[in-house]
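To start, the structure under review is shown below, and the notes come after it.
Chain A is the first sequence line, chain B the second, and so forth, proteins listed ahead of strands; every chain is numbered from 1.
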Amino acid sequence: AQSVAQPEDQVNVAEGNPLTVKCTYSVSGNPYLFWYVQYPNRGLQFLLKYITGDNLVKGSYGFEAEFNKSQTSFHLKKPSALVSDSALYFCAVRDTTGGFKTIFGAGTRLFVKA
Amino acid sequence: GAGVSQTPSNKVTEKGKYVELRCDPISGHTALYWYRQSLGQGPEFLIYFQGTGAADDSGLPNDRFFAVRPEGSVSTLKIQRTERGDSAVYLCASSSIGGSPNEQFFGPGTRLTVL
């Protein structure tokens, strides 16, 4: 069965410092992996995805994520955090072996302090 | 252009009643998803449409839940005999090509409260 784990409920970082939001997954085949962000009073927005190819993928707002197959991880990163990055981040996975079910993690709240 | 819209934004009903939640996807998007999100949780997959047909309904929790998309655009999620445990935010998302793992565009959600 597919699953996604976001081990941290909240991540706190100072503005200008690098940030990492962790995600690990479990699928029976190869994964499609996604990150979405939810700002207060706004809908979920797509940040980036890994389908195949280069393990480092770049997305919106300066975010990037690294796919690590051996560790079954897809951590979200940004070199320099902004206060405006404060939001709720969701990792999601879809199995490539069939079906269209996308499984989301429980979310990690990122708080960037000025 | 217009994004995904959902109506109503809020729905309060009594246990045992029937409710319908509507989703208007982005024009031209063939793939449509329904999720529900409980407080403190990520979205939980319910059903996926490719065009008019439900290609994957494996997330529907029981036969009280049903969804349609008769013309391949607007979709309605129908819940019969609502229970208090159905209270959640119901999210709709659409994407341009369902078979490929493209990004999903989410609507603002309908907050359902069952008293």
Side-chain angles (χ1 to χ4, degrees), chain A residues 1-10 21 23-25 27 29-53 57 59-60 63 65 67 74 87-109, chain B residues 2-7 9-10 23-26 29-51 53-61 67 69 88-111:
Chain A
Q2 301 172 171
S3 65
V4 175
Q6 293 182 242
E8 301 152 318
D9 292 336
Q10 181 165 312
V21 182
C23 172
T24 58
Y25 66 89
V27 295
N30 291 318
Y32 297 135
L33 294 157
F34 306 83
W35 277 100
Y36 286 83
V37 60
Q38 189 170 36
Y39 297 102
N41 300 315
R42 295 176 65 179
L44 281 156
Q45 297 177 36
F46 170 82
L47 276 180
L48 51 79
K49 67 182 178 184
Y50 171 82
I51 304 302
T52 187
V57 294
S60 307
F63 283 92
F67 170 62
F74 190 56
L88 188 56
Y89 290 81
F90 292 96
C91 180
V93 65
R94 184 179 138 188
D95 197 327
T96 60
T97 60
F100 299 92
K101 178 181 289 190
T102 302
I103 303 299
F104 282 78
T108 297
R109 186 164 298 281
Chain B
V4 178
S5 62
Q6 293 185 245
T7 54
S9 56
N10 282 284
C23 172
D24 280 87
I26 292 173
H29 279 189
T30 58
L32 186 145
Y33 303 77
W34 281 100
Y35 297 86
R36 70 178 175 182
Q37 186 174 20
S38 300
L39 193 62
Q41 300 296 318
E44 174 192 6
F45 172 85
L46 295 176
I47 188 170
Y48 162 75
F49 286 92
Q50 175 60 22
D56 188 341
D57 64 357
S58 61
L60 294 177
R69 196 185 184 198
V89 176
Y90 287 81
L91 299 172
C92 175
S94 69
S95 67
S96 56
I97 302 174
S100 300
N102 286 335
E103 63 180 285
Q104 297 177 34
F105 294 82
F106 281 82
T110 293
R111 183 175 298 277

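In terms of heavy-atom pairs under 4.5 angstrom with chain B, the leader among A:Ala106, A:Gly105, A:Ala92 is A:Ala106.
Interface residue A:Leu44: backbone and side-chain heavy atoms are both found under 4.5 Å from chain B. For B:Leu46, no part lies under 4.5 angstrom from a heavy atom of chain A. For a residue to count as touching a neighbouring chain, one of its non-hydrogen atoms must lie under 4.5 Å from one of that chain's; by this rule B:Tyr35 touches chain A with the side chain only. Only the side chain of A:Gln38 comes within contact range of chain B, with heavy atoms under 4.5 Å apart.
Among all heavy-atom pairs drawn from B:Ser58 and A:Lys101, the shortest one is OG-CE, 3.2 Å. Shown here for A:Phe46 and B:Gln104, the closest heavy-atom pair between the two residues is CB-O, 4.5 Å. Of all non-hydrogen atoms in A:Phe90 and B:Gln41, the two that sit nearest each other are CE2-O, 4.0 Å.
Between B:Tyr48 and A:Thr102, every side-chain heavy-atom pair lies at or beyond the 4.5 Å cut-off.
In this structure, CZ on A:Phe104 lies 11.0 Å from CZ on B:Phe45, to the nearest 0.5 angstrom.
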